[in-house]
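This report refers to the structure that appears directly beneath it.
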Protein chains: 2
Amino acid sequence: MPALSDRIHMLDSETKAVETPEDHAEELRLWLRLLTCTTLIEGEVRGRLRQRFDVTLPRFDLMAQLDKAPDGMTLSDVSKRMMVSNGNVTGLVERLVESGHLDRRTSETDRRVQVIRLTKLGRAEFRRMAAEHETWIADLFADLTPKDVRELMRLLAKTKASAQKSAASRRP
Amino acid sequence: MPALSDRIHMLDSETKAVETPEDHAEELRLWLRLLTCTTLIEGEVRGRLRQRFDVTLPRFDLMAQLDKAPDGMTLSDVSKRMMVSNGNVTGLVERLVESGHLDRRTSETDRRVQVIRLTKLGRAEFRRMAAEHETWIADLFADLTPKDVRELMRLLAKTKASAQKSAASRRP
DNA sequence: GGAAAACATTTTAGGCTTAAAACAATTCGG
DNA sequence: CCGAATTGTTTTAAGCCTAAAATGTTTTCC
């Protein structure tokens with residue numbers, strides 16, 4: 001059993017936690033800055049993709065996923081990788097199949113599963129866009145030194161892990 | 001006039017720049033990681049706002065802007081601050097006026113301008129949500145040390161400046 | 001003063017996005 | 001085996017979002 005002074009201390013710190021809410025303004029500012037950076041870059045890339053290739057960002061992102069998977073992916077895989085809802089992918093894929101960029105077929109071993117892959121056209125167009133896209137990104141980050149890039153990578157990895165942990169603890 | 005050896009060197013480096021495109025894989029990875037972090041946190045916040053308060057993230061964001069401006073803002077101001085299109089704001093405001101959270105009036109000095117502000121209800125609800133929201137953010141970033149937070153702030157400020165510069169140079 | 005440019009907002013058309021419900025197919029446990 | 005969960009996808013309803021054109025208003029600058 002704790003000494004009286006310890007119990008008083010515990011009570012104090014508990015009371016403090018309840019009555020004087022901690023200041024999290026720094027984290028809030030960090031979050032807003034993170035969001036600003038992403039929105040800024042995303043908007044720029046979106047605009048360039050439209051102007052230069054008349055393609056939307058979500059389409060480009062989906063093709064990017066498939067380019068890394070020559071044997072195709074299931075819709076669920078894509079949905080998890082892109083961190084978007086299932087229904088979202090259904091619609092995106094529909095339009096890309098329609099335009100001839102994607103090939104969609106039902107798996108032979110599991111008839112629930114749809115496997116999608118890039119068509120020859122889809123792959124060619126994606127490669128063309130991706131090459132230019134990479135230079136845009138390089139340009140947008142041009143003022144960062146290699147050290148800045150490394151450090152940001154490290155801190156964002158830590159951020160991602162922290163956020164995933166926090167998110168997971170709410171959804172067990 | 002440069003010496004022959006210098007000219008050869010110049011030709012070499014120019015040729016290299018054209019024929020062997022530089023490798024920007026690191027920047028690309030950085031961009032994807034930045035996007036992942038934002039998407040992860042944004043999704044988490046969106047879900048909690050919906051579950052806890054039955055409000056959407058864009059509505060919350062708009063109210064957050066107005067909470068900082070007791071005298072109201074014009075739609076253009078809001079649109080610039082939130083980095084979304086004008087038309088987008090029109091619709092958001094419409095729904096928030098409809099639900100009684102916002103007050104909208106035409107400026108008396110310039111009849112083009114609409115000034116919006118939070119109603120009493122809107123402000124009260126926002127404050128309630130914002131208090132909880134702040135703890136979610138703190139939780140999502142909980143594994144970062146104060147030093148990590150400072151360093152991220154610094155690097156993201158640099159990133160933002162770099163991206164803005166690059167974006168501006170394309171749209172003069 | 002009046003045409004032209006600039007500005008603030010709304011409208012339009014189309015696409016993206018989500019959460020939740022519905023449907024279909026497979027796997028699991030008794 | 002067979003009913004119950006689980007899994008993969010689609011559908012639905014509502015809202016978000018953009019780019020571009022349209023509308024109304026103010027400013028600029030001959």
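Order of the sequence lines sets the chain letters (A, B, ...), proteins ahead of strands, with each chain counted from 1. Since the model is a prediction, treat every value here as computed from it, not as a measurement.
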statement: Within residues 95-109 of chain B, those residues having any heavy atom closer than 4.0 Å to DNA chain C are B:R104

task: Using chain A heavy atoms and a threshold of under 4.0 Å, write down where along DNA chain D the contacts begin and end, 5' to 3'.
output: D:dT7 to D:dA19

field: Strand-adjacent residues in residues 55-64 of chain A, judged by heavy atoms under 4.0 Å from DNA chain C
entry: A:T56, A:P58, A:R59

- request: Could I get the full list of side chain to side chain donor-acceptor pair (under 3.5 Å) partners for A:D139, not counting sequence neighbours?
  value: B:S166

- line: Between A:L66 and A:R123, the two heavy atoms sitting closest are O-NH2, 4.3 Å

- request: List for me each residue that meets side chain to side chain donor-acceptor pair (under 3.5 Å) alongside A:E132, sequence neighbours excluded, and say none if there are none.
  value: A:R52

message: Please give me the minimum heavy-atom distance between A:D143 and A:D148, naming the atom from each residue.
response: O-OD2, 4.4 Å

query: Judged by modelled atom types alone, do B:N86 and B:S79 share a side-chain donor-acceptor pair under 3.5 Å?
result: yes

message: Which heavy atom of A:L156 sits nearest to which heavy atom of B:C37, and what is that distance?
response: O-SG, 3.3 Å

- prompt: Does a side chain donor of either A:S76 or A:T74 reach within less than 3.5 Å of an acceptor in the other side chain?
  reply: no

query: A:P58 and A:M82: which non-hydrogen atoms are nearest, and at how many Å?
result: O-CE, 3.9 Å

message: Just verifying a value: how many Å separate B:M153 CE and B:K158 NZ, rounded to the nearest 0.5 Å?
response: 16.0 Å

- prompt: Should we say atom CZ of A:R81 is surrounded by more than 12 heavy atoms from elsewhere, each under 6.0 Å from it?
  reply: no

- line: Sorted by number, residues from residues 74-82 of chain B placing a heavy atom under 4.0 Å from DNA chain C are B:T74, B:L75, B:S76

- line: Sorted by chain and number, sequence neighbours left out, side chain to side chain donor-acceptor pair (under 3.5 Å) with A:R50 holds for none

- line: In short, the helix from C:dG1-D:dC30 to C:dG30-D:dC1 is bent end to end, axes from five pairs each side, to 10°, by 20°

statement: Nearest-nucleotide check on DNA chain D, A:V115 vs B:N88; residue mapping nearer the 5' end is A:V115

- request: Give a yes or no on whether the backbone of B:H24 and the side-chain of A:E134 come within a donor-acceptor separation of less than 3.5 Å.
  value: yes

- prompt: Hey, mind stepping through A:K68 and A:M73 against side chain to side chain contact (heavy atoms under 4.5 Å, CB included) and telling me if it holds?
  reply: CA-CA 10 Å; A:K68 292 186 284 191; A:M73 299 174 78; over 6 Å; no

Partners passing ring pair (Phe, Tyr, Trp, His ring centres under 6.0 Å) against A:F126 (at least two apart in sequence or in another chain): A:F60

- request: For A:D110, answer base if it contacts any base atom (sugar-phosphate contacts may also be present), sugar-phosphate if it contacts only those atoms, and nothing otherwise; contact means non-hydrogen atoms under 4.0 Å.
  value: sugar-phosphate

query: Do the non-hydrogen side-chain atoms of B:F141 and A:L34 ever get within less than 4.5 Å of each other?
result: yes

query: What is the minimum heavy-atom distance between B:L49 and B:T56, and which atoms define it?
result: CD1-O, 4.5 Å

- line: With sequence neighbours left out, the residues meeting side chain to side chain donor-acceptor pair (under 3.5 Å) with A:T36 are none

- prompt: What are the two closest non-hydrogen atoms of A:V45 and A:I137, and how far apart are they?
  reply: CG2-CD1, 3.9 Å

task: Shoot me the first and last contacting nucleotide of DNA chain C against chain B, ordered 5' to 3', at under 4.0 angstrom to non-hydrogen atoms.
output: C:dC7 to C:dA19

message: Does anything in residues 34-46 of chain A come within less than 4.0 Å of DNA chain D? Heavy atoms only, and list the residues if so.
response: none

